Amino acid sequence: MSKKPNAEVSADDLKIIISNYLTKRLDASTKIAISDLTRIAVGWSHETWLFDANWQDNEGKERCLGLCLRRDPGNALLRETSNLEEQFKVLKCLEQTDVQSPKAYWLELEPEALGAPALIMEKVPGECPSPWRKDGRKFYNDAAKREVLPKSFVDALCSIHKVDWRSCGLAFLGVPEMGKDFALAEVAKWQGLIVASDHPGHPILADLIGWLISNAPETERLTLVHGAYRTGNVLIESDRVSAVLDWELQVIGDPMYDVAYMLTELNREGTDLLSNVVPRDLFFSRYEAKTGIEIDEEKCRYFQLLYAMRSAAFWMSAAGLYAQSKNTDLRLARTEWSITVALERAAQELGY
């Protein structure tokens with residue numbers, strides 16, 4: 001069945017595409033049957049589909065494998081920075097480590113195989129409540145009271161920062177020099193996204209970028225950094241993290257970049273719990289004890305301002321996609337307003 005690259009496909013057509021693809025790759029004596037195909041209405045950078053593959057192997061045994069398909073529609077947020085091939089390589093490297101991440105199975109960069117560039121990985125058991133919704137906030141607040149998830153959530157971040165990234169092959173992500181190289185490279189990366197968005201810009205953003213360049217901190221220790229570690233980017237099963245998701249923004253860099261994301265108010269709403277689930281004192285004591293890394297709150301303040309710049313870049317890119325009719329996702333339409341929110345927070349931090 002032939003499909004044009006990056007063409008929209010119905011769920012029924014996608015079932016046929018996936019079935020044909022997997023039948024050639026699994027030990028099957030029968031045609032692969034696809035069941036429970038569901039598109040997940042979260043995430044902004046790729047289409048995400050969950051499904052079960054069912055077949056009979058060559059020994060006559062019934063088999064079922066839960067899988068997740070991520071397709072690149074070519075018109076999504078972070079299209080300039082999110083790379084399926086890199087995600088696939090990162091997941092393969094992490095299989096050698098203690099990081100809870102999905103197993104990666106197949107990567108197809110050419111659109112002919114799956115209708116668009118795509119990767120197929122393990123469907124890990126667990127749920128991912130949105131921390132921005134009332135029921136999600138209640139879920140995390142209740143879990144915090146039971147005291148299991150907060151510890152598991154911190155431990156999952158510690159496992160990322162403790163990865164021997166050289167020995168498992170993650171140096172391909174790029175290794176910054178010690179000193180200001182990492183911070184300045186991140187500023188330059190998000191400046192690039194702002195330029196690509198063709199957004200007219202904002203005076204506060206210009207001041208913020210100047211401040212970030214002038215005040216770049218020194219990095220003395222390099223770790224694997226997830227880049228967006230928060231509730232909403234992990235799967236949870238029985239009050240424990242079953243998988244860390246969204247391997248799109250990872251870098252080799254300063255661990256305080258992730259810690260700052262934990263500490264920022266941007267990732268919690270109406271609560272003092274970090275990322276809506278972890279008491280601050282627990283986070284500090286458990287993180288420092290398990291990693292041997294002392295939390296530098298002044299450096300975290302810098303990275304929180306860098307996150308404000310990054311958020312503005314995200315929303316400028318998103319708003320541009322919608323304004324130019326390149327993407328009809330209505331969520332993108334409201335992101336113009338989000339630019340002002342991110343920059344207003346930065347202005348307050350800068351002392352406006």
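The shown structure was predicted, so the numbers you read here are calculated from the model rather than taken from an experiment.
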S.K.: Supply the atom-to-atom distance Lys92 NZ to Leu119 CG, rounded to the nearest 0.5 angstrom.
M.R.: 11.0 Å
S.K.: Give a yes or no answer on whether the side chain of His46 reaches the backbone of Thr48 with a donor-acceptor pair at less than 3.5 Å.
M.R.: no
S.K.: Has the side chain of Glu288 got a donor or acceptor atom that lies under 3.5 Å from a matching backbone atom of Ile295?
M.R.: yes
S.K.: Heavy atoms, side chains only, cut-off 4.5 Å: are Leu37 and Ile18 in contact?
M.R.: yes
S.K.: Is it true that the side chains of Trp106 and Glu108 contain a donor and an acceptor less than 3.5 Å apart?
M.R.: no
S.K.: Mind jotting down which residue pairs meet the salt bridge (Lys or Arg N to Asp or Glu O under 4.0 Å) criterion with at least one end in residues 26-37? Sequence neighbours excluded, please.
M.R.: none
S.K.: Check for me whether the distance between the ring centres of Phe314 and Trp190 falls short of 6.0 Å.
M.R.: yes
S.K.: Whether the Ser35 and Asn54 side chains hold a donor-acceptor pair (N or O, under 3.5 Å, no angle test) is what I'd like checked.
M.R.: yes
S.K.: Would you find a donor on one side and an acceptor on the other, under 3.5 Å apart, between the side chain of Ser285 and the backbone of Asp281?
M.R.: yes
S.K.: Under a 3.5 Å distance rule, please check whether Ser214 uses its side chain to pair with a backbone N or O of Gly210 as donor and acceptor.
M.R.: yes
S.K.: Would you please test Glu47 and Asp72 for side-chain contact (heavy atoms from CB on, under 4.5 Å) and show each step?
M.R.: CA-CA 6 Å; Glu47 293 177 16; Asp72 181 4; over 6 Å; no
S.K.: Between atom CD1 of Ile120 and atom CG of Leu107, what is the distance when rounded to the nearest 0.5 Å?
M.R.: 10.0 Å
S.K.: Quick check: closest heavy atoms across Asp296 and Met256, and the distance to 0.1 Å?
M.R.: N-SD, 3.4 Å
S.K.: Mind listing the side-chain donor-acceptor pairs of residues 300-309 below 3.5 Å, one per line with the distance, residues two or more places apart or on another chain?
M.R.:
from	atom 1	to	atom 2	distance (Å)
Arg301	NH2	Glu349	O	2.7
Tyr302	OH	Leu212	O	2.8
Tyr307	OH	Tyr257	O	2.4

S.K.: Using the test side-chain contact (heavy atoms from CB on, under 4.5 Å), find all partners of Glu62 that sit at least two apart in sequence or belong to another chain.
M.R.: Gln56
S.K.: Measuring from Thr291:OG1 to Leu157:CG, what's the distance to the nearest 0.5 Å?
M.R.: 8.5 Å
S.K.: Going from CG on Asn233 to CG on Asp246, what distance comes out if it is rounded to the nearest 0.5 angstrom?
M.R.: 4.0 Å
S.K.: According to the salt bridge (Lys or Arg N to Asp or Glu O under 4.0 Å) rule, which pairs have a member within residues 171-181, sequence neighbours left out?
M.R.: none
S.K.: Could you tell me whether the side chain of Leu67 reaches within less than 4.5 Å of the side chain of Met121, counting heavy atoms only?
M.R.: no
S.K.: What side-chain hydrogen bond (donor to acceptor under 3.5 Å, both in side chains) pairs are there with at least one residue in residues 268-280, not counting sequence neighbours?
M.R.: Thr231-Ser275, Arg280-Glu297
S.K.: Tell me whether Arg240 contacts the main-chain N or O of Ile236 through its side chain, where contact means a donor paired with an acceptor under 3.5 Å.
M.R.: no
S.K.: Please give me the minimum heavy-atom distance between Leu193 and Ala313, naming the atom from each residue.
M.R.: CD2-O, 3.8 Å
S.K.: Please check if the side chain of Ser197 supplies one atom and the backbone of Ile194 the other of a donor-acceptor pair under 3.5 Å.
M.R.: yes
S.K.: Can you check whether Ile252 reaches Val225 side chain to side chain, under 4.5 Å on heavy atoms?
M.R.: no
S.K.: Are the side chains of Thr38 and Trp49 in contact, using a 4.5 Å heavy-atom criterion?
M.R.: no
S.K.: Examine distances only and state if a side-chain atom of Gln191 and a backbone atom of Lys189 form a donor-acceptor pair shorter than 3.5 Å.
M.R.: no
S.K.: Got a donor-acceptor contact below 3.5 angstrom from the Thr264 side chain to the Asn267 backbone?
M.R.: no
S.K.: Please test Gln87 against Gln250 for side-chain hydrogen bond (donor to acceptor under 3.5 Å, both in side chains), starting from the C-alpha separation and ending with a verdict.
M.R.: CA-CA 9 Å; Gln87 291 178 49; Gln250 65 281 330; over 6 Å; no
S.K.: Is Phe172 close to Val90 at the side-chain level, that is, under 4.5 Å between some pair of heavy atoms?
M.R.: yes
S.K.: Atom CG of Leu208 and atom NE2 of His202: how far apart are they, to the nearest 0.5 Å?
M.R.: 11.0 Å
S.K.: What closest approach, in Å, do Ile339 and Ala312 show between heavy atoms, and which atom pair accounts for it?
M.R.: CG1-O, 4.2 Å
S.K.: With side chains defined as the heavy atoms from C-beta onward, is the minimum distance between Leu65 and Leu22 less than 4.5 Å?
M.R.: no
S.K.: Filter on salt bridge (Lys or Arg N to Asp or Glu O under 4.0 Å), then keep only pairs touching residues 143-166, sequence neighbours left out; what's left?
M.R.: Arg146-Asp239, Asp155-Arg286
S.K.: Drop me the distance from Ile34's CD1 to Ile17's CD1, to the nearest 0.5 angstrom.
M.R.: 11.5 Å
S.K.: Whether the side chain of Ser19 engages the backbone of Ile32 through a donor-acceptor N/O pair (distance < 3.5 Å, no angle test) should be reported.
M.R.: yes
S.K.: Measure from the side-chain N and O atoms of Glu95 to the backbone N and O of Ala104, and report whether any donor-acceptor pair falls under 3.5 Å.
M.R.: yes
S.K.: Who are the salt bridge (charged side-chain N to carboxylate O under 4.0 Å, His left out) partners of Glu237, not counting sequence neighbours?
M.R.: none
S.K.: Which pair of heavy atoms, one from Leu91 and one from Ser101, lies closest together, and at what distance?
M.R.: CD2-CB, 4.1 Å
S.K.: Going by the rule ring-ring contact (aromatic ring centres under 6.0 Å, His included), which residues pair with Trp247 if we only count those two or more places apart in sequence or in a different chain?
M.R.: His226
S.K.: Please evaluate residues Val241 and Leu235 with respect to the criterion side-chain contact (heavy atoms from CB on, under 4.5 Å), reporting the C-alpha separation (whole Å), side-chain torsions for both, the decisive distance (0.1 Å), and the verdict.
M.R.: CA-CA 6 Å; Val241 173; Leu235 287 174; over 6 Å; no
S.K.: Any non-hydrogen side-chain atom of Val251 less than 4.5 Å from a side-chain atom of Phe182?
M.R.: yes
S.K.: Please identify each residue that fulfils salt bridge (charged side-chain N to carboxylate O under 4.0 Å, His left out) with Glu265, with sequence neighbours left out.
M.R.: Arg345
S.K.: Which atom pairs, donor and acceptor, lie under 3.5 Å between side-chain atoms of residues 215-223 and protein residues at least two apart or in another chain?
M.R.:
from	atom 1	to	atom 2	distance (Å)
Asn215	ND2	Trp211	O	2.8
Thr219	OG1	Asp254	OD2	3.0
Glu220	OE1	Lys299	NZ	3.3

S.K.: side-chain contact (heavy atoms from CB on, under 4.5 Å), that's the test. Do Leu173 and Leu224 meet it? Break it down for me.
M.R.: CA-CA 9 Å; Leu173 291 172; Leu224 173 63; 4.1 Å; yes
S.K.: Give me the atom names and distance for the closest heavy-atom approach of Leu249 to Ala228.
M.R.: CD1-CB, 4.2 Å
S.K.: Taking Phe153 as the fixed residue, which of Tyr229, Tyr287, Tyr140 is the one that meets the ring-ring contact (aromatic ring centres under 6.0 Å, His included) rule?
M.R.: Tyr229
S.K.: Do you know the tightest heavy-atom contact between Leu50 and Ile40?
M.R.: CD1-CD1, 3.5 Å
S.K.: Sort and list the pairs that fulfil ring pair (Phe, Tyr, Trp, His ring centres under 6.0 Å) and have at least one residue in residues 107-135, not counting sequence neighbours.
M.R.: none
S.K.: According to salt bridge (Lys or Arg N to Asp or Glu O under 4.0 Å), does anything in residues 116-126 pair up with another residue at least two apart or in another chain? List the pairs.
M.R.: Asp52-Lys123
S.K.: Is the number of heavy atoms from other residues, nucleotides or ligands under 6.0 Å of Glu294 CD greater than 12?
M.R.: no
S.K.: Taking the side chain as everything from C-beta on, heavy atoms only, tell me whether Pro125 gets closer than 4.5 Å to Ser242.
M.R.: no
